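Numbering starts at 1 and runs along the sequence shown. None of the values given here were measured: they were computed from a predicted structure.
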Amino acid sequence: MRDVTIRRNKSFVGSLMKAKIYVEDAAFGDTTIGQCRCRKLGELKNGEEKTFQITEEQVKIYVIVDQASKNYCNEFYQLEAGAEAVTLSGGFKLNPAAGNGFQFDNNTNGVVLENRKVNSKRGLRVVIIAAVIGAVIGFVGSSGILDGPAEPKVFTDGGMSITLTDKFEAFEAEGFDVAYDSNQIAVLGMEETFASAPGAEDLTVEEYAELVLEANGQNEELKTDNGLVYYEYLAEGDNKVMYHYTVFLFKETDAFWIVQFATYEGKAETHRETIMEWAKSVTFTE
């Protein structure tokens, strides 16, 4: 047997989620991740480090968030055969398409990068297509598109309130604290508490936004509008459909919030003014 030590880097992203650690084990595994049979080693909280015992054979070390998202929110590190102790590190990266999943540091071989690409495509199908399109059935029927004009409606959940319309419905999205969708737009909100990273309370919302962009490997322009701090980006979904995100960042007394609006690329300009008004309506409770 040999020791493998895994350190979870402290990060704002995914601070409330536990990283579940698995090792490839064809004989005694009870969970399939991708096409690999695995068994659980343990869990890591934000900033935590633990040592596990594994076989000396060549194996993959997997990290997932939960069983529901393991097929599109997973990361593995290929360990070669050997008896020497190994130390790995990594952290959660902001990527809504892949459930804001974990990534090992310095883990950039071709197979791993391809797995991340596949995860993003699967995640977009789960989170964006389901949320933004509101399911094909909902487009003409349950979405209310034939039920007359939309009326303002206040949604309050998870410590956040936002004024949208009665065409929206709340739903659960892995990795997010609040989520609402209609037939054209999805709203996804995530809280990152100051407790997850000492000193975070000293950051301005603009400084936090720059950290979020850096953590996600993005170089989008940071914008301001009437006190709102935000940026925009595009992501490709299933069947080459492009989606447009507007990501707003807020600072409260004990946390930062990331609230993003997702819609079709071709509808972004049509919805821009409305999205800005909805973002201005966001408030938070203790």
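- Each of Val23 and Val112 belongs to its own hydrophobic cluster when Ile, Leu, Val, Met, Phe, Trp and Tyr are linked at side-chain heavy-atom distances under 4.5 angstrom.
- Taking both residues in full, the closest heavy atoms of Ser161 and Thr156 are given as OG-OG1, 2.7 Å, listed atom of the first, atom of the second, then distance.
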(request) Carefully, step by step, assess Tyr208 and Leu249 under the rule side-chain contact (heavy atoms from CB on, under 4.5 Å). (result) CA-CA 8 Å; Tyr208 172 67; Leu249 303 107; 3.7 Å; yes
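- Across all non-hydrogen atoms, the minimal contact from Glu75 to Gln103 is OE2-CA, 3.6 Å.
- Residues Met160 and Trp257 meet the side-chain proximity criterion, which asks for heavy atoms closer than 4.5 Å.
- Summarising the local packing, NZ of Lys267 is surrounded by 12 or fewer heavy atoms from other residues, nucleotides or ligands at distances under 6.0 Å.
- The main-chain N or O of Leu228 is never found under 3.5 Å from a side-chain atom of Asp225 such that the two would form a donor-acceptor pair.
- The closest side-chain heavy-atom distance from Val212 to Tyr231 is below 4.5 Å.
- The side-chain hydrogen bond (donor to acceptor under 3.5 Å, both in side chains) contacts involving residues 79-92 comprise Ser89-Asp105, where partners must be two or more places apart or lie in separate chains.
- Taking the centre of each ring, Phe168 and Trp278 come in below the 6.0 Å mark.
- The main-chain N or O of Glu151 is found under 3.5 Å from a side-chain atom of Asp166 such that the two form a donor-acceptor pair.
- Cluster annotation: Ile6 and Tyr62 are assigned to distinct hydrophobic clusters (Ile/Leu/Val/Met/Phe/Trp/Tyr, side-chain heavy-atom contacts under 4.5 Å, transitive).
- Remark: Gln53 CD is packed, more than 12 non-hydrogen atoms of other residues, nucleotides or ligands lying under 6.0 Å away.
- Taken to the nearest 0.5 Å, the CD atom of Glu232 stands 9.0 Å off from the CD atom of Glu221.
- Heavy-atom neighbours of Glu57 CD from other residues, nucleotides or ligands within 6.0 Å: at or below the threshold of 12.
- Each of Ile33 and Val4 belongs to its own hydrophobic cluster when Ile, Leu, Val, Met, Phe, Trp and Tyr are linked at side-chain heavy-atom distances under 4.5 angstrom.
- The closest donor-acceptor contact from the side chain of Lys20 to the backbone of Gln67 lies at 3.5 Å or more, if one exists at all.
- Screening Leu44, Val63, Ile21 for a side chain to side chain contact (heavy atoms under 4.5 Å, CB included) involving Phe102 leaves a single residue, Val63.
- Arg2 contributes a side-chain N or O that, together with a main-chain N or O of Gly82, makes up a donor-acceptor pair within less than 3.5 Å.
- Contact between Lys280 and Asn226 at its shortest, heavy atoms only, is NZ-ND2, 3.3 Å.
- Contact check for Phe104 versus Ile61: side-chain heavy atoms found under the 4.5 Å cut-off.
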(request) Before giving the answer on salt bridge (Lys or Arg N to Asp or Glu O under 4.0 Å), spell out for Glu43 and Lys40 the whole-Å C-alpha distance, their side-chain angles and the decisive distance to 0.1 Å. (result) CA-CA 9 Å; Glu43 300 180 349; Lys40 189 175 181 180; 2.8 Å; yes
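- In this structure, Tyr22 has its ring center at least 6.0 angstrom away from the ring center of Phe76.
- Put simply, CD on Glu206 and CG on Leu222 are 7.0 Å apart, with the number rounded to the nearest 0.5 Å.
- The closest side-chain heavy-atom distance from Phe92 to Asn9 is not below 4.5 Å.
- By the 4.5 Å heavy-atom criterion applied to side chains, Thr246 and His271 are not counted as neighbours.
- Between Phe256 and Phe194, the distance from one ring center to the other falls under 6.0 angstrom.
- Criterion: ILVMFWY side-chain heavy atoms under 4.5 Å apart, direct or through other members. Under it, Ile64 and Leu41 are not part of a common hydrophobic cluster.
- Within 6.0 Å of the CG atom in Asp30, the count of heavy atoms belonging to other residues, nucleotides or ligands exceeds 12.
- Although no hydrogens or angles enter the test, the distance criterion places a donor-acceptor pair under 3.5 Å between the side chain of Asp177 and the main chain of Glu191.
- The CD atom of Glu210 sits 10.5 Å away from the CG atom of Asn219 when rounded to the nearest 0.5 Å.
- Under the 4.5 Å side-chain criterion, counting only non-hydrogen atoms from C-beta, Gln78 is not in contact with Val111.
- The CZ atom of Arg37 sits 12.5 Å away from the CD atom of Glu24 when rounded to the nearest 0.5 Å.
- With rounding to the nearest 0.5 angstrom, the CG atom of Leu203 is 6.5 Å from the NZ atom of Lys251.
- Linking Ile, Leu, Val, Met, Phe, Trp and Tyr residues whenever their side-chain heavy atoms come within less than 4.5 Å places Val178 and Ile275 in a single cluster.
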(request) Apply side-chain contact (heavy atoms from CB on, under 4.5 Å) to Glu220 and Val247, showing your working. (result) CA-CA 11 Å; Glu220 275 69 24; Val247 183; over 6 Å; no
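- Taken to the nearest 0.5 Å, the OG1 atom of Thr165 stands 8.5 Å off from the CD1 atom of Ile185.
- Counting heavy atoms from C-beta outward, Phe261 and Arg272 have side chains that stay 4.5 Å or more apart.
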